[in-house]
Amino acid sequence: MKFTKANGLRGEVTIPGDKSISHRSVMIGSLAQGDTEIRRFLQGADCLSTIDCFRNMGIEIENRGETVIVHGKGLHGLQKPECVLDCGNSGTTTRLISGILAAQDFTVTLTGDASIQKRPMKRIITPLSGMGANIRSIPDNGCAPLEIKGSRLHGIHYLSPVASAQVKSAILLAGLYAEGETRVTEPQLSRNHTELMLSHFGADVRTEGTTAVIQPARELTAHSITVPGDISSAAYFIAAGILVPGSEILLKDVGINPTRAGILEVCRMMGANLEILNRRGESEPSADILVRSCSLHGTEIGGAIIPTLIDELPMIAAMACFADGTTVIRDAAELKVKESNRIEGMVRSLSAMGADVTETEDGMIIHGGRPLHGAVIDSRLDHRIAMTFAVTACCAEGKTEIKGAECVNISYPDFYQDLERLKQS
Ligand code: S3P
């Protein structure tokens, strides 16, 4: 797919539903007693993989498009699937579902696409095994396919070496079934959607600093959910609105949970003036975000803010190329184990467009201010890389071609149409 420089981007975008929350609403809805109506469910391939997995375990799920209805069967209502569970490209599906499967009374095999089969699963195998789970990597390399034999679990206090909501959530979901209390302490607080939703559904879960604590549950009660817009998807339009001169974009109803909203803080640190309007929502807050074009300056990004913007770092790195001065991104080694190695991929592709970017052990150093030119970009079938370069191309001279651009269907199927609409108004 080919992209060229844009003039002002103007108009409104209703950002599709949050991917993390959409996954969790299907999983937790399936384990609850009763019907969970999910409004603004993200119809991305990742979330559809989660629906498929639970349908294969006997849960009736009506997908009506914007709205999905999960007919939950309670904590002990899942049935042994007759096939291998396929998580597609979705790390969230693979890791979170493992926590649930570890406690069932059947055995399953879990797999996914080529990217999933390279991603580290030891990070969940270790703590779940510590709870008594019987889970192994079939190729014996710490990756999927995984064989999970349901077992009786007991609570643990797990000190996680990484700030990962996927790891934390797998343990908390297993903790629903464990004997005794389960605690997970992270080096920094990662997104807390699982804690919020479990609590909303009646589980006894609390947060003490960077520790999440859950008690075993007898039952969860179904609740309706309205999913806020995904700030990780909004990030592309935040960046585009700032970078393309003459832009003004209103992003409607975007989730601004503080464990996800680091990009807003980084934009402020870089000199952008975003207006946060019409705040709403309770446990999951959301707001409209008004973005106008402006100039940026470099900044330093590291420490506790990293988990709150982990998926936005590719876009932030590209933004830094247009900022005055130097931007340093550190403490972000997790980027190497996402859908692709996002440090290596970003450095290679930004350099191909003429940027001054250096890879470090745990991030990047970007000297901004060089004009960028079009190039051929390999998305490596990583949705966040494809969207980052579609936006970067709007600010580069000449043509940019993105290979494998269709992979945006993972988290934002209408992304290119939404971007195109803003170009025309
Ligand atoms: C997610 C957590 C993050 C994030 C991923 C979605 C989630 O991964 O990168 O896109 O829904 O819990 P880690 O928990 O592995 O950092």
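As the structure lists them, so they are numbered: ligands from 1, and atoms in each ligand from 1. Both backbone and side-chain heavy atoms feed into the values below; hydrogens, waters and symmetry mates do not.
Heavy-atom distances between His23 and ligand 1 stay at or above 4.0 Å for every pair. Residue contacts with ligand 1 do not include His193, since none of its heavy atoms lies under 4.0 Å from the ligand.
The closest non-hydrogen atom to atom 5 (C) of ligand 1, taken over Asp311, Thr194, Leu96, comes from Asp311. Nearest residue to atom 7 (C) of ligand 1 from Lys19, Arg24, His383 is Arg24 (criterion: closest heavy atom). Nearest-residue assignment for atom 14 (O) of ligand 1 (options Ala165, Pro307, Ser411, Ser160; heavy-atom criterion): Ala165.
Those atoms of ligand 1 with a heavy atom of Ile310 less than 4.0 angstrom away are 9 (O).
Within a 6.0 Å sphere centred on NZ of Lys336, heavy atoms belonging to other residues, nucleotides or ligands number more than 12. Asn141 CG: more than 12 foreign heavy atoms inside a 6.0 Å radius.
Only the side chain of Lys338 comes within 4.0 Å of ligand 1, judged by heavy-atom distances.
In this structure, the protein non-hydrogen atom closest to atom 11 (O) of ligand 1 is Ser20 OG, 2.7 Å.
For ligand 1, the polar-atom distance check finds no N/O of Glu339 at less than 3.5 Å from any of the ligand's N/O atoms.
Taking the six-membered ring for Trp and thresholds of 30 and 60 degrees, Phe237 and Phe415 have ring planes inclined between 30 and 60 degrees apart. Between Tyr416 and Phe3, the angle of the ring planes lies from 30° to 60°, which puts this pair in the tilted group.
For the side chain to side chain contact (heavy atoms under 4.5 Å, CB included) with Arg40, the lone residue among Thr67, Thr14, Ile225 that qualifies is Thr14. Screening Lys118, Arg119, Gln117 for a side chain to side chain contact (heavy atoms under 4.5 Å, CB included) with Ser115, the sole residue that qualifies is Arg119.
Using modelled atom types, one side-chain atom of Asp230 and one backbone atom of Lys19 make a donor-acceptor pair closer than 3.5 Å.
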